[in-house]
Amino acid sequence: MTIPYTHPKKFSLLLSVVLASCTGTRQLAVDYPTAESNDQKSGQSTRTRSFQALPSFHSIDGDDYYVRLISEFDFKGDNVLKNGCDSITPSFNKSDLSSALIFNVSNSILKFKNEAVGYSYQATTGKCNFKFDAKKQNLTPWMRLDSGKETEVDYSVYSSANSDVDVAGLVNKATAASSLLAFTGVGMGVAVLGQFAGQWFNHNQQNQAAPVVPTPSANHSTESHSLPAFVRYTDKDGTLNENLFKVYAVAEGGINILSSDTKPLGELRIYPELTSSLLLKTKANGIPDARDLSLVEIGQSPMKSATGDINLQKLIEQSKHPEKPNLKPDWNNYEDVQSNCRKLKIVMKDLGFNKFDRNAYIFYFLSNNNDWKNYNITAQKIQGNNINVKTLQSYRNKNFDNCLTADDYVAMKAMGLAVNTESDWVQMDDSSQKQEQFFMPLKSIERQLLAVLRNSNKVEMESQIYPLLSTATKGDGTVRLQNHLGDFGLEKLLQPAPMPAQVTTTPVVTPSTATVQSAPPVATAKAPETASPLPTIPGEGLIITAHQLVQVFSGLVFNELSCARIIPEQINKPTGNIGILLFTTKEGSPRSKGGAMEFEFSAGKISRIAFQSPAYRDYEQDVIDHPELGGCRIDSAFLAKLH
């Protein structure tokens with residue numbers, strides 16, 4: 001028999017019939033929630049609270065949160081069932097009166113079903129002979145929001161005044177079935193659905209007999225209803241719905257449920273909880289914090305499944321998923337690592353993990369790979385090591401795009417992990433392009449100067465170097481030469497080679513009365529030209545011609561030449577116009593081992609060349625500290641040849 005209720009006070013009155021054997025007992029009545037939005041009383045049975053997108057995210061994504069459903073009974077003041085009782089003894093045995101509210105929870109997407117007891121009540125003759133049980137419990141484990149929102153909750157209210165009807169057995173079976181859902185939170189075990197929802201249900205079916213629903217009769221009654229959806233969300237906002245069952249104690253058979261003998265016992269609350277992570281701690285704003293972990297540490301996170309406890313790594317390794325990843329790929333093989341990254345992402349999503357937990361584990365998985373480290377290089381390292389545009393582009397090309405999307409990088413960065421999002425790369429590319437432009441004039445001069453220095457033909461060298469030189473005082477084809485390398489005979493290299501002595505003949509003429517006869521010529525030696533004095537090179541330098549500079553270059557007998565770099569003082573300045581390169585010399589050079597050549601330039605012309613010690617301007621130490629600068633790499637082995 002279905003017990004009617006009075007409107008607007010919608011009591012589903014248990015044991016509302018007057019039973020002679022129940023005189024002096026207390027009964028329960030329940031006012032259940034309504035799903036009718038136009039019901040004036042619905043506000044009394046349904047409470048709502050809103051939730052928004054997490055900070056740094058513009059909308060609510062079903063992949064952001066986990067949700068679970070909880071049943072909890074809140075007593076209203078003193079337990080009214082105890083009123084008028086002098087003692088409560090544990091000798092209660094027989095159940096003449098019984099009632100229960102049982103939830104049936106299901107999710108077709110996850111193939112999940114669960115039965116749980118909201119409350120149970122047993123009583124016999126006398127006010128003090130009763131049992132009431134309403135424990136807080138999880139009706140579902142944690143479910144990702146996108147699939148968890150599809151959870152449906154039905155409930156049935158059972159009541160009986162006949163001890164032959166096994167309502168107590170029904171309660172016991174539902175209680176045993178729901179015991180597998182005693183899941184806990186982070187650090188004490190994690191409940192994950194996905195694959196395990198179906199496993200749990202199959203395991204539960206094998207071990208639990210189907211509950212036997214009492215057949216309606218004059219001595220018992222049943223009501224079944226559905227609860228409204230407990231969570232709704234759009235891109236902009238979300239709502240969590242808490243449903244309330246108001247439970248009353250009714251004395252003396254419940255003849256008048258509105259009388260003073262009807263006392264509120266409490267409320268049975270069915271409410272959802274949200275969390276953004278099951279593996280990580282969360283900050284005050286709800287964003288998970290994935291910093292300061294390791295692959296081993298996060299892999300040891302405990303899970304609870306239908307078959308028992310297991311850690312995350314073993315959970316993945318023992319998965320029967322067709323895309324099961326190899327957690328120990330060839331870390332030096334980009335394609336192998338990327339392929340297993342994609343498989344790991346698929347498996348973790350199918351196991352029920354949200355984007356934060358998935359990406360935290362994937363981040364530490366990829367941390368063993370150098371391509372991953374290069375892709376997530378910091379702007380400080382780029383600037384400190386002066387990595388060129390070509391190298392940076394090779395780093396960016398290996399972006400694991402077959403595994404990770406832009407949203408994955410955003411999630412990682414929100415958790416405090418050191419990754420580069422697309423916007424980071426745009427900024428670094430822009431900075432790199434500016435750096436490239438900074439070094440471009442130097443590179444142009446370097447290419448032309450090295451072409452001259454590597455040429456062995458003096459005539460060609462002079463024609464190449466002439467248009468590259470210019471001074472303000474003497475114009476094109478001239479350069480100021482300075483020497484800070486020591487006395488190695490630079491002045492002699494500027495002196496032209498002496499001309500050899502030349503022998504000339506002059507005819508001898510003697511007077512004759514008749515004729516003038518030619519005499520044989522007399523050979524005379526012309527003294528060699530006196531060599532001009534050696535030029536001195538003052539501290540500010542000496543302006544010389546392209547021809548003289550070629551003499552210097554040829555006379556030094558270069559062996560190896562390094563690439564050119566901006567001097568240390570001009571790094572991070574708006575412009576740079578002084579470059580420097582290192583050189584070694586061959587045997588027979590006036591400068592043994594070699595040195596450094598500094599050149600100052602402007603508008604594509606070299607105005608000053610100075611021979612320097614490698615230690616000048618602390619250049620040698622700068623090369624040691626920063627082997628690569630502006631695309632020019634000088635190894636320590638080259639420096640060793642100069643000493």
Side-chain angles (χ1 to χ4, degrees), residues 50-69 107-112 140-151 183 185-186 190-198 229-240 272-283 285-290 293 298 301 303 312 315-316 319 321 323 325 341-366 399-417 419 421-423:
S50 62
F51 66 97
Q52 289 78 36
L54 290 166
S56 9
F57 294 89
H58 300 297
S59 61
I60 296 175
D61 186 346
D63 203 18
D64 293 347
Y65 290 101
Y66 298 98
V67 63
R68 69 176 175 183
L69 197 58
N107 187 305
S108 58
I109 294 177
L110 299 174
K111 299 179 181 179
F112 170 76
T140 69
W142 289 110
M143 303 170 288
R144 210 169 54 231
L145 184 61
D146 53 5
S147 52
K149 69 182 178 65
E150 302 299 329
T151 302
F183 298 120
V186 175
V190 178
V192 183
L193 276 187
Q195 171 182 320
F196 283 105
F230 62 90
V231 60
R232 293 186 177 92
Y233 66 92
T234 63
D235 287 347
K236 300 302 180 183
D237 52 43
T239 301
L240 299 175
E273 282 188 341
L274 290 181
T275 186
S276 56
S277 176
L278 299 176
L279 303 179
L280 310 166
K281 295 179 181 179
T282 56
K283 294 177 282 189
N285 60 5
I287 296 290
D289 186 349
L293 293 173
I298 197 171
S301 300
M303 307 286 113
L312 176 58
L315 174 68
I316 296 170
S319 169
H321 198 288
E323 295 290 333
C341 169
R342 180 178 179 277
K343 292 178 180 179
L344 178 59
K345 180 179 181 180
I346 293 172
V347 169
M348 290 194 72
K349 187 169 186 178
D350 288 350
L351 285 174
F353 291 98
N354 75 347
K355 68 183 181 185
F356 295 116
D357 289 340
R358 287 197 312 269
N359 283 307
Y361 191 80
I362 288 173
F363 175 87
Y364 289 104
F365 170 78
L366 293 174
N399 60 355
F400 296 84
D401 59 347
N402 193 37
C403 170
L404 301 175
T405 66
D407 289 342
D408 293 320
Y409 284 105
V410 170
M412 290 181 185
K413 191 152 193 173
M415 292 187 288
L417 297 174
V419 294
T421 62
E422 190 65 23
S423 61

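Sequential numbering from 1 along the given sequence is applied to the chain's residues.
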Qualifying residue for side-chain contact (heavy atoms from CB on, under 4.5 Å) with M348, from L315, N359, I316
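By the side-chain contact (heavy atoms from CB on, under 4.5 Å) criterion, M348 pairs with just one of L315, N359, I316: I316.
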
Under a 4.5 Å cut-off applied to non-hydrogen side-chain atoms, are [X] and [Y] in contact?
| X | Y | value |
| --- | --- | --- |
| P141 | F112 | yes |
| I362 | M412 | yes |
| L280 | I298 | yes |
| V67 | P272 | yes |

Tell me, please, which residues at least two apart from [X] pass side-chain hydrogen bond (donor to acceptor under 3.5 Å, both in side chains).
| X | answer |
| --- | --- |
| E323 | none |
| T282 | none |
| Y66 | N354, D357 |
| D146 | R144 |

Please report the C-alpha distance between D237 and S50 in whole Å, then the side-chain angles of each, then the deciding distance to 0.1 Å, and finally whether the side-chain contact (heavy atoms from CB on, under 4.5 Å) criterion is met.
CA-CA 7 Å; D237 52 43; S50 62; 5.8 Å; no

Taking the six-membered ring for Trp, are the ring centroids of F57 and F356 within less than 6.0 Å of each other?
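Yes, close enough.
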
Taking the six-membered ring for Trp and the single ring otherwise, decide whether the centroids of Y361 and F353 are under 6.0 Å apart.
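No, ring centres 6.0 Å or more apart.
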
Using a 3.5 Å distance criterion without hydrogens, assess whether the side chain of S276 forms a donor-acceptor pair with backbone atoms of I287.
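Here the side-chain-to-backbone pair does not exist.
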
Non-neighbouring partners of E422 that pass salt bridge (charged side-chain N to carboxylate O under 4.0 Å, His left out), sequence neighbours left out
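By the salt bridge (charged side-chain N to carboxylate O under 4.0 Å, His left out) rule, E422 matches R396.
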
In chain order, what residues pass the salt bridge (charged side-chain N to carboxylate O under 4.0 Å, His left out) check against R342, with sequence neighbours excluded?
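None.
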
Could you tell me the separation between the [atom1] atom of [X] and the [atom2] atom of [Y], rounded to the nearest 0.5 Å?
| X | Y | atom1 | atom2 | result |
| --- | --- | --- | --- | --- |
| D289 | K281 | CG | NZ | 8.5 Å |
| I346 | H321 | CD1 | NE2 | 7.0 Å |
| R358 | L404 | CZ | CG | 10.5 Å |

Given D408, which of K413, K345, K349 fulfils the salt bridge (Lys or Arg N to Asp or Glu O under 4.0 Å) condition?
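Single salt bridge (Lys or Arg N to Asp or Glu O under 4.0 Å) partner of D408 among K413, K345, K349: K345.
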
Using the ring of each side chain (for Trp, its six-membered ring), is Y65 parallel, tilted or perpendicular to F51, with breaks at 30° and 60°?
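Plane angle over 60°, so perpendicular.
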
Considering only NZ, NE, NH1 and NH2 on the basic side and carboxylate oxygens on the acidic side, decide whether D64 and K355 come within less than 4.0 Å.
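Judged by the 4.0 Å cut-off on N to carboxylate O distance, D64 and K355 do form a salt bridge.
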
List the steps and the verdict of side-chain contact (heavy atoms from CB on, under 4.5 Å) for T140 and N107.
CA-CA 10 Å; T140 69; N107 187 305; over 6 Å; no

If every non-hydrogen atom of S301 is compared with every non-hydrogen atom of L279, which pair is closest and at what distance?
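Nearest heavy atoms, S301 then L279: CB-CD2, 3.7 Å.
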
